[in-house]
Amino acid sequence: MRQTEKANAGKAGAVMQTALKPSDLSRAERHGKREDESSQKRRVRDEEPLVYGTLDLVEARAQHMEGVKQSGKTAAVHALVQFPTDLIDGADPQRQEWMLGHAVRFLNDHHGGDAVFAARMDRDEKGRHTVDAFMMPRYDYRYKDGRTVKKASVSKFSKKHARERYFRTDKETGELILKDGKPIPRDDTRAQGSALQDRWFEYMRDEMQLEGVMAPERKKFTTKDRLEPEEYGLRKDRQKLAENARKLGKADRMARKRNREQAAEAKRLAAEAAPALEAAQKLAEHQGDAKGAEKLKGLQERLKRSQSGPVALRVPKKLKPSAKKISRAVDSAFDAIGGDER
């Protein structure tokens with residue numbers, strides 16, 4: 001069934017953020033430079049991106065964080081800033097630069113004024129209303145003795161905005177929960193995300209003065225922000241690689257199982273063939289066929305060596321009818337485990 005179109009579709013924007021590890025940042029750099037497979041698949045036109053700063057994300061991050069003390073191990077924050085598709089002409093080069101500049105300005109303002117070290121708008125993909133920004137919020141920390149150091153924190157300013165806007169409420173009544181007569185501020189991840197979306201809507205309405213812009217719809221459940229297009233593509237690539245690895249591992253286990261079963265069958269056949277060879281040798285000796293007996297003795301020696309791997313055997317031809325009957329059984333057994341030596 002086709003889903004009902006949202007009332008604010010094309011008229012609302014959104015900001016989605018995710019923390020990146022160093023390996024994620026390196027992959028994001030390759031994606032921005034169009035050095036990975038997923039970026040090539042998404043290209044629909046030959047047009048260079050608009051860039052704020054640089055596409056060399058790893059180097060830019062290192063310069064941005066030089067001499068900065070960081071709490072936590074996050075390499076950077078990737079922000080995906082989406083503009084209303086119905087309210088802005090994404091094909092207009094001036095509007096593209098306008099969107100890139102406002103995305104950087106908003107993110108810096110939301111994260112304390114000194115956060116973004118690189119950003120870009122990809123113009124070779126289908127959509128041209130999205131800015132990818134990479135940041136690590138920095139701030140000046142002052143000690144009591146007057147010393148000042150530069151520090152970095154992923155959530156310091158996000159929590160501040162959340163506490164200013166959201167307070168704990170009773171799940172049953174919806175009423176504010178008070179402590180010493182005052183409401184208790186919230187700074188959990190959902191409150192941080194809601195504050196981010198609210199402030200982005202207000203920025204588009206008041207600073208960008210986008211006529212007709214609408215607020216985003218509230219999520220009914222607590223879920224992680226959706227990652228797209230860049231982090232979503234990277235995650236899908238990793239999932240595909242993991243699935244291929246699982247399939248390869250399963251195929252390898254099945255092959256090993258078949259090999260073990262074949263080896264066990266070979267040992268069983270060899271064990272059954274040993275008495276027949278011994279009987280054939282005694283029969284040849286009894287009939288005075290010294291040459292045939294010697295060859296059968298050699299076959300028994302080769303049979304013993306076959307326990308460590310497949311072996312090909314040839315049965316002597318000059319045997320009397322009763323001996324030949326036994327040899328055919330032996331020959332059939334060894335055809336199954338090693339083939340006839342020619």
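One is the number of the first residue; the rest follow in order along the sequence.
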Peer 1: Check whether NZ of the Lys or CZ of the Arg Lys69 lies under 6.0 Å from the centre of the six-membered ring of Tyr141 and within 45 degrees of that ring's axis.
Peer 2: no
Peer 1: How about CZ on Arg186, more than 12 heavy atoms from neighbouring residues, nucleotides or ligands closer than 6.0 Å, or not?
Peer 2: yes
Peer 1: Can you confirm whether Arg45 is buried at CZ, in the sense that more than 12 heavy atoms of other residues, nucleotides or ligands lie under 6.0 Å from that atom?
Peer 2: yes
Peer 1: How far does NE2 of His102 sit from CH2 of Trp200, to the nearest 0.5 angstrom?
Peer 2: 8.0 Å
Peer 1: Counting only heavy atoms not in Gln94, do more than 12 sit closer than 6.0 Å to its CD atom?
Peer 2: no
Peer 1: Is the count of non-hydrogen atoms from other residues, nucleotides or ligands lying under 6.0 Å from Glu261 atom CD greater than 12?
Peer 2: yes
Peer 1: Taking the basic N atoms (NZ, or NE/NH1/NH2) and the acidic carboxylate oxygens, is any pair closer than 4.0 Å for Asp188 and Arg190?
Peer 2: no
Peer 1: Whether Arg120 and Glu48 form a salt bridge (side-chain N of Lys/Arg under 4.0 Å from carboxylate O of Asp/Glu) is what I want to check.
Peer 2: no
Peer 1: To the closest 0.5 Å, what do you measure between CG (Asp92) and CZ (Arg128)?
Peer 2: 10.0 Å
Peer 1: Between Phe157 and Pro137, which heavy-atom pair has the shortest distance, and what is it?
Peer 2: CD1-CB, 4.2 Å
Peer 1: Could you state the interatomic distance from CZ (Arg123) to CG (Asp46), rounded to the nearest 0.5 Å?
Peer 2: 11.0 Å
Peer 1: Tell me whether Gln40 contacts the main-chain N or O of Arg34 through its side chain, where contact means a donor paired with an acceptor under 3.5 Å.
Peer 2: yes
Peer 1: Quick one: closest heavy-atom pair of Leu55 and Lys33, and the distance?
Peer 2: O-CE, 3.6 Å
Peer 1: Given the rule in the side chain to side chain contact (heavy atoms under 4.5 Å, CB included) test, do Phe134 and Leu107 qualify, once you have shown the distances and angles that lead to the verdict?
Peer 2: CA-CA 10 Å; Phe134 300 88; Leu107 290 171; over 6 Å; no
Peer 1: Go through it in stages, so that I can follow the logic: the residues are Arg147 and Asp145, the test is salt bridge (charged side-chain N to carboxylate O under 4.0 Å, His left out), and I'd like the CA-CA distance, side-chain angles, deciding distance and then a yes or no.
Peer 2: CA-CA 6 Å; Arg147 290 182 299 115; Asp145 59 8; 2.8 Å; yes
Peer 1: Check the side chains of Gln17 and His110 for a donor-acceptor pair under 3.5 angstrom, ignoring hydrogens and angles.
Peer 2: no
Peer 1: Could you label the plane-to-plane angle of the His64 and Phe117 rings as parallel, tilted or perpendicular, counting under 30° as parallel and over 60° as perpendicular?
Peer 2: tilted
Peer 1: Any salt bridge linking Arg42 with Asp122? Criterion: basic side-chain nitrogen under 4.0 Å from a carboxylate oxygen.
Peer 2: no
Peer 1: With rounding to the nearest 0.5 Å, note down the distance linking CD in Gln192 to NE2 in His161.
Peer 2: 10.5 Å
Peer 1: Could you pull out the closest heavy-atom pair between Met99 and Phe83, with the gap in Å?
Peer 2: O-CZ, 3.2 Å
Peer 1: For the CG atom of Leu20 and the CZ atom of Arg27, what is their distance to the nearest 0.5 Å?
Peer 2: 9.5 Å
Peer 1: Any carboxylate oxygen within less than 4.0 angstrom of a Lys/Arg side-chain nitrogen, looking at Asp114 and Arg138?
Peer 2: yes
Peer 1: Enter the distance from Lys159:NZ to Thr189:OG1 here, rounded to the nearest 0.5 Å.
Peer 2: 10.0 Å
Peer 1: Looking at every non-hydrogen atom in both residues, tell me the closest pair between Glu47 and Asp124 and how far apart they are.
Peer 2: O-CB, 3.6 Å
